[in-house]
Amino acid sequence: MNQVKLILSDGTAISGESFGAFTSAAGEVVFSTAMTGYPENLTDPSFAGQILVLTTPMVGNYGVPGEELYESISKIFESDKIHIAGLVVNYYSEEHSHWNAAKSLGYWLKEYNIPGICGVDTRMLTKKLREQGAMLGKIVAEDDVPFHDPNRDNLVAQVSPAGIRRYGGGRHKIVLVDCGTKTNIIRCFLERDVELIRVPWDYDFTTLAYDGLFLSNGPGDPKMCEATIRHLQKALAQDRPIFGICLGSQLMGLAAGGDTFKLKYGHRSHNQPVKLTGTQRCYITSQNHGFAVDTETLPAEWQMLFENLNDGTCEGIRHTSKPFFSTQFHPEAAGGPEDTEFLFDDFLKAVTEYKEGHTA
C-alpha cells in the first residue's frame, strides 16, 4: 500500500496507508459509530462532501454486495453511487467473506475515485472530533489539495436528481421532494402501495395534485434550500399531510418560521436513543445529520415530537392541529434498527383520514 496522510485544519497530520483510489480529497471530517452498514452509509447522499471516520476497528471484512434492482431502484444501496469524499478506518481487511459479496471495499472505492486511509488511530481521532467538533480535513496522496468546507456549497442541488420520476400505482398519491433521498425511503413507500412522484429539490410541487407530501433527507446546511422552503411555506398554509425526515425536518422547521443550528459533531450512528415527547417511550434510531432545529424559535403551534436522549436536541417536530410532523432520525433505517418504521404507516393513516374528510 502507498503512504498517505490525513491532515486536519488545526494542523494535525496523521500518516496511514492508502486503500481505494490513490488520490487526494478534501471535506469535512466526521465520525460514525455504526458497526455495520458501510455499503448503505457510503451511498447515502447525506454524506456528500464528508470524510467519514468509522470507529469500528475492522472495516471491509464482508466486502460489498452486487447490485440488484427493485422497481427500477437499487434493492441494496441508498443511491446510485458513493457520496463520501474519503474514508478513514483503523484496520482495512483486504480479504472479505460474505455470501452476497461481489467485490472488495477497496475496489469499490476505486471505481468511484474515492480515497481511503487505514492504519489510523480512530479512537484518538474520534476523541479529538468529539472535543473540538467536526473540522475540515484532507486526505493527501501525491498532490496536495486545499481545505474545502462543503457546508458552503449547495450540496442538495448536487445530489438531487433532475426531472420528475414516478413509481408505483397505489391508492395514495405522494409527492417526494428529493433533497438527497435514501433509496430505502422509496422502498418503504412502495411496500405500502402508493403512487410516488419524486421531484427535484427546487421543483414547485404545489402545482401538482397529491394526497400527501414527503420531504427527504439530504446533505449540508438546510438554509441553502431557499426554493424548497418557499414552496413548503405554501404547503403549510394548507391541510394536506406532510412528513419530513432528517433534512426534511429542518426544512419544515425553517418553513414554519423557526431556525436551525449546526451541531458540534453531529449524530451519525445506528444507536441514537430518542424519546417520544410527553411519554417515557424510547426508541433506538439510525441517524446521519450535522444540523438540528432550534425548538426555542418555533411558533406556538409547533412542538418537539422526539428528543435526543444523549444531548437533548430536537429529533422531530409536529404541528398541534394540522397533520404535519417530522423526524430528525431515519425510520427507514438502512442500515440500522427498524424500530420506528411504523411512522410511514402513521403518515399514510393521516393521508387516508384527510382524503376521507375531503370526499365526505
Side-chain angles (χ1 to χ4, degrees), residues 1-39 41-42 44 46-62 64 82-96 104-153 155 219-220 262-270 288-290:
M1 291 183 177
N2 294 310
Q3 293 294 305
V4 292
K5 284 186 177 181
L6 172 66
I7 302 176
L8 304 180
S9 54
D10 68 351
T12 301
I14 304 170
S15 297
E17 296 182 321
S18 169
F19 73 103
F22 184 62
T23 187
S24 301
E28 181 183 34
V29 184
V30 301
F31 66 88
S32 171
T33 60
M35 295 182 67
T36 60
Y38 58 77
N41 287 346
L42 271 57
D44 179 353
S46 297
F47 276 117
Q50 296 179 332
I51 295 176
L52 178 61
V53 180
L54 297 180
T55 62
T56 190
M58 179 186 292
V59 178
N61 52 310
Y62 59 87
V64 177
I82 297 176
H83 286 278
I84 62 169
L87 187 63
V88 182
V89 304
N90 179 280
Y91 177 80
Y92 168 61
S93 177
E94 295 185 61
E95 306 254 342
H96 62 272
S104 70
L105 173 58
Y107 183 85
W108 190 41
L109 290 172
K110 281 184 181 178
E111 287 184 318
Y112 291 94
N113 199 37
I114 307 295
I117 178 173
C118 62
V120 173
D121 184 348
T122 50
R123 287 170 60 94
M124 174 276 295
L125 180 56
T126 301
K127 184 177 180 181
K128 174 184 280 288
L129 295 174
R130 284 183 65 91
E131 292 175 348
Q132 298 181 222
M135 62 179 68
L136 301 184
K138 53 187 177 181
I139 296 175
V140 178
E142 291 180 313
D143 299 319
D144 197 1
V145 292
F147 291 109
H148 176 68
D149 184 357
N151 293 302
R152 295 180 178 271
D153 301 333
L155 296 173
K262 195 175 191 308
L263 294 165
K264 183 176 181 180
Y265 44 79
H267 300 150
R268 297 175 181 88
S269 66
H270 298 164
N288 175 22
H289 62 102

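K128 has its side chain within reach of D10: a pair of non-hydrogen atoms, C-beta onward, lies under 4.5 Å apart. The shortest distance between side-chain heavy atoms of F19 and L105 falls below 4.5 Å. Looking only at side-chain heavy atoms (C-beta outward), V30 and L52 come within less than 4.5 Å of each other. Side-chain contact check for N288 versus N41: every heavy-atom pair is 4.5 Å or farther apart. Residues W108 and L42 form a side-chain contact, since some pair of their non-hydrogen atoms from C-beta on lies under 4.5 Å apart.
For the pair L155 and A48, the tightest heavy-atom approach, listed with the atom from each and the gap, is CD1-O, 3.6 Å. What you find for G37 and H270 is that their closest heavy atoms are CA-CE1, 4.4 Å. Of all the heavy atoms in V4 and E17, the pair that sits closest is CG2-C, 3.9 Å. Annotation for A26 and A85: closest pair O-CB, 3.8 Å, computed over non-hydrogen atoms. V120 approaches N90 most closely through the heavy-atom pair O-ND2, 3.1 Å. Taking both residues in full, the closest heavy atoms of E28 and K262 are given as OE2-NZ, 2.8 Å, listed atom of the first, atom of the second, then distance.
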Distance-only criterion, 3.5 Å: show the donor-acceptor pairs between side-chain atoms of residues 53-61 and protein atoms not counting sequence neighbours.
from : atom 1 : to  : atom 2 : distance (Å)
T55  : OG1    : S32 : O      : 3.2

Only distances under 3.5 Å count here; give the side-chain donor-acceptor pairs of residues 138-148 to other protein atoms, sequence neighbours excluded, each with its distance to 0.1 Å.
from : atom 1 : to   : atom 2 : distance (Å)
K138 : NZ     : D144 : OD1    : 3.1
K138 : NZ     : V145 : O      : 2.8
H148 : NE2    : D153 : OD2    : 2.6

Could you walk me through whether L8 and L125 pass the side chain to side chain contact (heavy atoms under 4.5 Å, CB included) test, one step at a time?
CA-CA 10 Å; L8 304 180; L125 180 56; 3.9 Å; yes

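In this structure, the separation between CD1 on I114 and CG on L87 is 9.5 Å, given to the nearest 0.5 Å. Taken from CZ in F22 to CD1 in I117, the straight-line distance is 10.5 Å, to the nearest 0.5 Å. Residue S9 holds its OG atom at 8.5 Å from CD of Q132, rounded to the nearest 0.5 Å. The OH atom of Y112 sits 9.0 Å away from the NE2 atom of H83 when rounded to the nearest 0.5 Å. If you take CG on L109 and OG1 on T23, they are separated by 12.0 Å, rounding to the nearest 0.5 Å.
The closest donor-acceptor contact from the side chain of K264 to the backbone of E131 lies under 3.5 Å. Judged by distance alone, with hydrogens and angles left aside, the side-chain atoms of S104 form a donor-acceptor pair with the main-chain N or O of Y107 at under 3.5 Å.
Counting heavy atoms of neighbouring residues, nucleotides and ligands inside a 6.0 Å radius, atom CE of M135 exceeds 12 of them.
In this structure, Y62 and Y38 have parallel ring planes: the angle between them is below the 30° cut-off, well short of the 60° mark.
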